Q: 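Sending over a structure as structure tokens; questions will come in a sec.
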Amino acid sequence: RHPLATFFHLFFRVSAIVTYLFCDWFSNSFVACFVTILLLLSFDFWSVKNVTGRLLVGLRWWNQIDEDGKSHWVFEAKRVPTVAASTEAEAQIFWLGLITCPVIWTMFFFSTLFSLKLKWLALVIAGISFQTANLYGYIHCKLDGQKSISQVTSRFGTTDVPKRQSRISEDGTEEHGKTGTR
């Protein structure tokens, strides 16, 4: 049902990997290859975190900072079954891409380290970081995102509960946020 989201879920990931493998064929400039791959990784991180995860599997995660300056990670899952929103094949493609790419970037890390191409090490570490951050977030969404609203608000402490509200949006997700008052 979401062929465009499925395409872009894999496009940026595969493009970054292919560009990393064959960038010496495309350009002699290290900086051009580095920036291109980093941009592809950034586009991939953003699209997976903000678009494809929500559309393909009904999961979303983000970091929220409260008035006290404390950081809270929020993991969200749709309350309705995700089969209605996407097909099982799209969910499998999502998880396959999400798990496979950090493994590939980890293999690049060891090959870069053992071949002593240290100038590429920062890029490979960025690739691992982007890919692993999304994997970590979505695993937590899968495991923790289906908690009830009382369990979620209890993490913020009893003094912060009245300042939070939750509602079910049209797409069936449970949204948590601050009320309009301060």
Side-chain angles (χ1 to χ4, degrees), residues 1-20 34-67 69-106 123-147 149 151-153 155-156 164-180:
R1 295 184 186 211
H2 301 100
L4 195 59
T6 305
F7 171 77
F8 280 110
H9 177 69
L10 295 176
F11 174 75
F12 292 125
R13 292 174 173 266
V14 172
S15 296
I17 291 170
V18 168
T19 305
Y20 177 79
F34 190 94
V35 169
T36 302
I37 295 167
L38 196 59
L39 284 172
L40 288 168
L41 288 169
S42 299
F43 292 154
D44 171 62
F45 180 81
W46 182 88
S47 67
V48 170
K49 183 182 172 305
N50 296 312
V51 179
T52 63
R54 185 174 45 85
L55 291 176
L56 300 180
V57 291
L59 303 172
R60 191 169 62 159
W61 62 273
W62 68 92
N63 186 328
Q64 179 173 306
I65 299 179
D66 62 11
E67 291 87 17
K70 292 182 183 177
S71 176
H72 300 284
W73 288 96
V74 181
F75 303 100
E76 181 179 84
K78 279 191 177 184
R79 291 182 133 193
V80 295
T82 58
V83 176
S86 66
T87 66
E88 187 65 30
E90 288 175 339
Q92 288 177 351
I93 290 170
F94 177 83
W95 287 107
L96 182 68
L98 200 66
I99 293 168
T100 304
C101 288
V103 171
I104 292 171
W105 283 103
T106 303
L123 181 66
V124 173
I125 290 171
I128 291 171
S129 299
F130 282 138
Q131 302 290 319
T132 306
N134 263 333
L135 179 61
Y136 177 80
Y138 282 110
I139 287 174
H140 272 286
C141 285
K142 188 76 169 164
L143 298 176
D144 297 338
Q146 297 178 358
K147 290 183 179 179
I149 183 62
Q151 291 171 329
V152 172
T153 56
R155 276 191 277 170
F156 296 118
R164 306 261 175 214
Q165 68 178 5
S166 76
R167 65 181 179 92
I168 306 300
S169 64
E170 294 99 26
D171 64 355
T173 59
E174 192 173 303
E175 297 177 352
H176 311 285
K178 298 176 191 166
T179 59

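Since the structure is predicted, the reported quantities are computational estimates derived from the model, not experimental observations.
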Q: Using the salt bridge (Lys or Arg N to Asp or Glu O under 4.0 Å) rule, collect all pairs that involve residues 126-135, keeping only residues at least two apart or in two chains.
A: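 As it turns out, there is no salt bridge (Lys or Arg N to Asp or Glu O under 4.0 Å) pair with a partner in residues 126-135 once direct neighbours are skipped.
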
Q: For a side chain to side chain contact (heavy atoms under 4.5 Å, CB included) check, start with the C-alpha distance between W95 and K142, then their side-chain angles and the critical distance, and finish with the verdict.
A: CA-CA 11 Å; W95 287 107; K142 188 76 169 164; 4.0 Å; yes

Q: Taking atom CZ as the centre, does F34 end up with more than 12 heavy-atom neighbours from other residues, nucleotides or ligands that are less than 6.0 angstrom away?
A: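 More than 12 heavy atoms, drawn from other residues, nucleotides or ligands, come within 6.0 Å of this atom.
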
Q: Using residues 124-136 as the side-chain source, report each donor-acceptor pair under 3.5 Å to any protein atom, sequence neighbours left out, with the distance given to one decimal.
A:
from : atom 1 : to   : atom 2 : distance (Å)
S129 : OG     : I125 : O      : 2.8
Q131 : OE1    : R13  : NH1    : 2.3
Q131 : NE2    : D44  : OD2    : 2.9
T132 : OG1    : I128 : O      : 2.6
N134 : ND2    : F45  : O      : 3.4
Y136 : OH     : H140 : NE2    : 3.0

Q: Which value, rounded to the nearest 0.5 Å, describes the distance between S71 atom OG and I65 atom CD1?
A: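 So the OG of S71 and the CD1 of I65 are separated by 5.5 Å.
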
Q: Using the test side-chain contact (heavy atoms from CB on, under 4.5 Å), find all partners of T19 that sit at least two apart in sequence or belong to another chain.
A: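 Scan of T19 (side-chain contact (heavy atoms from CB on, under 4.5 Å), adjacent residues dropped) gives C23, T36, I37, L40.
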
Q: Do side-chain atoms of H9 reach the backbone of T52 as a donor and acceptor pair under 3.5 angstrom?
A: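 No, because the side chain of H9 does not come within donor-acceptor range (under 3.5 Å) of the backbone of T52.
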
Q: Got H2 and L56 here, is their nearest side-chain heavy-atom distance under 4.5 Å?
A: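 Side chain of H2 against side chain of L56, heavy atoms only: contact under 4.5 Å found.
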
Q: Just to verify, what does Y138 make a side-chain hydrogen bond (donor to acceptor under 3.5 Å, both in side chains) with, not counting sequence neighbours?
A: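 Expected list: none.
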
Q: Can you tell me how far the CD1 atom of I99 sits from the CD1 atom of I104, to the nearest 0.5 Å?
A: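 If we round to the nearest 0.5 Å, I99:CD1 and I104:CD1 are 12.0 Å apart.
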
Q: Let me confirm one number: the CH2-CD distance from W73 to Q64, rounded to the nearest 0.5 Å.
A: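 Spacing of CH2 (W73) from CD (Q64) equals 11.5 Å.
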
Q: State the CZ-CD distance between R60 and E76, to the nearest 0.5 angstrom.
A: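 Between atom CZ of R60 and atom CD of E76 there are 4.0 Å.
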
Q: List in chain and number order the residues that pass side-chain contact (heavy atoms from CB on, under 4.5 Å) with V103, two or more places apart in sequence or in another chain; answer none if no residue qualifies.
A: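 Applying side-chain contact (heavy atoms from CB on, under 4.5 Å) to V103 gives none.
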
Q: Does the separation of the ring centres of W105 and Y20 fall below 6.0 angstrom?
A: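 Judged by ring-centre distance (under 6.0 Å), W105 and Y20 do meet the cut-off.
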
Q: Hey, are the side chains of V48 and F94 touching, using non-hydrogen atoms and a 4.5 Å cut-off?
A: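 V48 vs F94: side chains touch.
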
Q: For the CG atom of L39 and the OG atom of S15, what is their distance to the nearest 0.5 Å?
A: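 The distance works out to 12.0 Å.
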
Q: When you compare the side chains of D66 and H72, does any donor N or O come within less than 3.5 Å of an acceptor on the partner?
A: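 Yes.
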
Q: Once rounded to the nearest 0.5 Å, what's the spacing between atom CD1 of I139 and atom CZ of F75?
A: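 Those atoms lie 10.5 Å apart.
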
Q: Quick one: does NZ or CZ of K49 land under 6.0 Å from the six-membered ring centre of W62, within 45 degrees of the ring axis?
A: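 No cation-pi geometry.
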
Q: Closest heavy-atom contact between G97 and P102?
A: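 Heavy-atom minimum between the residues: O-CD, 4.4 Å.
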
Q: Sequence neighbours excluded, which residues qualify as side-chain contact (heavy atoms from CB on, under 4.5 Å) partners of F7?
A: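 Applying side-chain contact (heavy atoms from CB on, under 4.5 Å) to F7 gives F11.
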
Q: Please determine which of V74, L59, V57 meets the side chain to side chain contact (heavy atoms under 4.5 Å, CB included) test together with C141.
A: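 Option passing the side chain to side chain contact (heavy atoms under 4.5 Å, CB included) with C141: L59.
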
